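One-based numbering, in listed order, for ligands and for the atoms of each. Note that the structure is a prediction, hence the values are computed from the model and not measured.
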Amino acid sequence: MRLAVTNDSAGVAIVTGSAGGIGSAVATTLLEDNPQTRCAAVDLKPGHAESLIGLYGADRVLEVLCDVSQPESVRRAMDEIEKWLTPVRSLVNCAGIQLAGSSVGFPPEDWQKVLDINLSGTFFWCQAAGRHMMDNQGGAIVNLSSVSEFFGWPLRAPYAATKAAVSALTRTLAAEWAHLGIRVNAVAPGFIDTPLAREAIDSGRLSKPAADALHAQLRFGAAAELAEAIAFLLSSRASFITGETLKVDGGLTAKKLDWPPPE
Ligand code: NAD
């Protein structure tokens, strides 16, 4: 049984969806935590990693263009990272989308798109990084689930289904790869203040005060708060944690009653 080597040692951390609210906070936290960490910042559009490269330099940050839903694109991206620097020690799968709509009329192509990015994209990157970690003394992976896997959220059928599947995938890979020194965990965030959540508010699908009140802490989380939890799961301080989905939700799933009472 190997012991996983993780983000406290020198190596590459791959962050998908690194141009997004959570991905950029994760990349920043990992680069700040350990000066020996290099980050492969994976997202769709050219130039997406400019600000990270500006802050930390091109020797510590590699911009990688990749559509996570395409296995060929993931394979090419992984080749590019391995040519840049090894070993890869960490993977955080932040790339994701949310398409909302009534379940009866939900278009099949939109259903497939959410599955391809949120679930298949997570699996393809786990495969690519897992294969590398097996040959290089192990590592740690964190996947992005959501509290929507724990309660019924109207109009979010494919999103919630993919997030529950991400947790199932996480447990399966954790059990399959533990003896190879690879830990696999997930986080289930409550509402985090990012473009994804802001789009839901701006479009009128989500009321900010109502969403605030869902949390026992009566507020959205900051991306940096979630990044701290992810950095912990990647570190050797979490060496006996694998197959877990950690709720980072300000008490959203704990809260059942409206509290405190209105004045
Ligand atoms: P975001 O929209 O800010 O960022 C998502 C990123 O993923 C974007 O940069 C986008 O370009 C990238 N992306 C989308 N499709 C891609 C593809 N095919 N290939 C490569 N990259 C792609 O969203 P966020 O709020 O940072 O969310 C990150 C993850 O956290 C998602 O999986 C989301 O479901 C999950 N999450 C977010 C919240 C929240 O409240 N923000 C809550 C729970 C879970």
Quiz item: Who's closest to atom 42 (C) of ligand 1 heavy-atom-wise, of G190, S146, A19?
Solution: G190
Quiz item: Are the side chains of P158 and N118 in touch, meaning some heavy atoms are under 4.5 Å apart?
Solution: no
Practice problem: Could you check N185, T170, T122, T16 and say which one makes a side-chain hydrogen bond (donor to acceptor under 3.5 Å, both in side chains) with N143? | Solution: T170
Quiz item: Between F220 and ligand 1, which part of the residue brings a heavy atom under 4.0 Å of the ligand: side chain, backbone, both or neither?
Solution: neither
Exercise. Using a cut-off of 6.0 Å, state whether more than 12 heavy atoms not belonging to E50 lie near its atom CD.
Key: no
Quiz item: Any N/O of T194 closer than 3.5 Å to an N/O of ligand 1?
Solution: yes
Exercise. Could you list the atoms of ligand 1 found under 4.0 angstrom from a heavy atom of I117?
Key: 15 (N), 18 (N)
Quiz item: Which atoms from ligand 1 have a heavy atom of L44 less than 4.0 Å away?
Solution: 15 (N), 16 (C), 17 (C), 19 (N), 20 (C), 21 (N), 22 (C)
Quiz item: Hey, which atoms in ligand 1 end up nearer than 4.0 Å to a heavy atom of Y159?
Solution: 33 (C), 34 (O), 35 (C), 36 (N), 43 (C), 44 (C)
Quiz prompt | Close side-chain approach of F240 to R183, heavy-atom, < 4.5 Å | solution = no
Self-check item: Student check: side-chain heavy atoms of C39 and Y56 closer than 4.5 Å
Solution: no
Exercise. Look at R131 together with E82 and state whether they make a salt bridge at an N to O cut-off of under 4.0 Å.
Key: no
Quiz prompt | ligand 1 contact by G221, heavy-atom criterion under 4.0 angstrom | solution = no
Quiz item: Does at least one non-hydrogen atom of S73 fall below 4.0 angstrom from an atom of ligand 1?
Solution: no
Quiz prompt | ligand 1 contact by G121, heavy-atom criterion under 4.0 angstrom | solution = no
Quiz item: Of the backbone atoms (N, CA, C, O) and the side-chain heavy atoms from C-beta on, which set of C66 has a member under 4.0 Å from an atom of ligand 1: side chain, backbone, both, or neither?
Solution: backbone
Quiz prompt | Sole residue of K208, E225, R198 in side chain to side chain contact (heavy atoms under 4.5 Å, CB included) with F220 | solution = K208
Quiz item: For atom 3 (O) of ligand 1, what is the nearest protein heavy atom, given as residue, atom name and distance?
Solution: G21 N, 2.9 Å
Quiz item: What do the steps show when you test T245 against S167 for side chain to side chain donor-acceptor pair (under 3.5 Å), and what is the final call?
Solution: CA-CA 6 Å; T245 295; S167 277; 2.8 Å; yes
Self-check item: Nearest-option assignment for atom 7 (O) of ligand 1, heavy atoms, candidates A95, G20, P195, S120
Solution: A95
Quiz prompt | 4.5 Å side-chain heavy-atom contact, L144 and N93 | solution = no
Quiz item: Knowing that exactly one of L30, I14, L85 qualifies, which makes a side chain to side chain contact (heavy atoms under 4.5 Å, CB included) with R38?
Solution: L85
Quiz item: Which of the atoms in ligand 1, numbered in the order shown and given with their element, are less than 4.0 Å from a heavy-atom of F191?
Solution: 40 (O)
Practice problem: Could you point out which residue of T29, T28, I22 forms a side chain to side chain contact (heavy atoms under 4.5 Å, CB included) with V26? | Solution: I22
Quiz prompt | Shortest protein contact, atom 18 (N) of ligand 1 (heavy atom only) | solution = D67 OD1, 2.8 Å
Exercise. Can you pull out the closest protein heavy atom to atom 2 (O) of ligand 1? Residue, atom name and distance to 0.1 Å, please.
Key: L196 CB, 3.6 Å
Exercise. Please report the closest heavy-atom contact between L234 and L91, naming both atoms and the distance.
Key: CD2-O, 4.3 Å
Practice problem: Out of G96, C94, A188, A223, indicate the one that has the non-hydrogen atom closest to atom 29 (C) of ligand 1. | Solution: C94
Self-check item: D43 near ligand 1 by a heavy-atom separation under 4.0 Å
Solution: yes
Self-check item: Mode of I192 contact toward ligand 1 - side chain, backbone, both, neither (heavy atoms, under 4.0 Å)
Solution: both
Quiz prompt | Contact with ligand 1 for K163, non-hydrogen, under 4.0 angstrom | solution = yes
Self-check item: Shortest protein heavy-atom distance from atom 19 (N) of ligand 1, along with the residue and atom involved
Solution: V68 N, 3.0 Å
Quiz item: How does S145 reach ligand 1, if at all, at less than 4.0 Å between non-hydrogen atoms: by side chain, backbone, both, or neither?
Solution: backbone
Practice problem: Show your working on salt bridge (Lys or Arg N to Asp or Glu O under 4.0 Å) between R75 and E72 and close with a plain yes or no. | Solution: CA-CA 5 Å; R75 197 190 55 72; E72 254 313 290; 3.1 Å; yes
Self-check item: Closest protein heavy atom to atom 37 (C) of ligand 1, given as residue, atom name and distance to 0.1 Å
Solution: I22 CD1, 3.6 Å
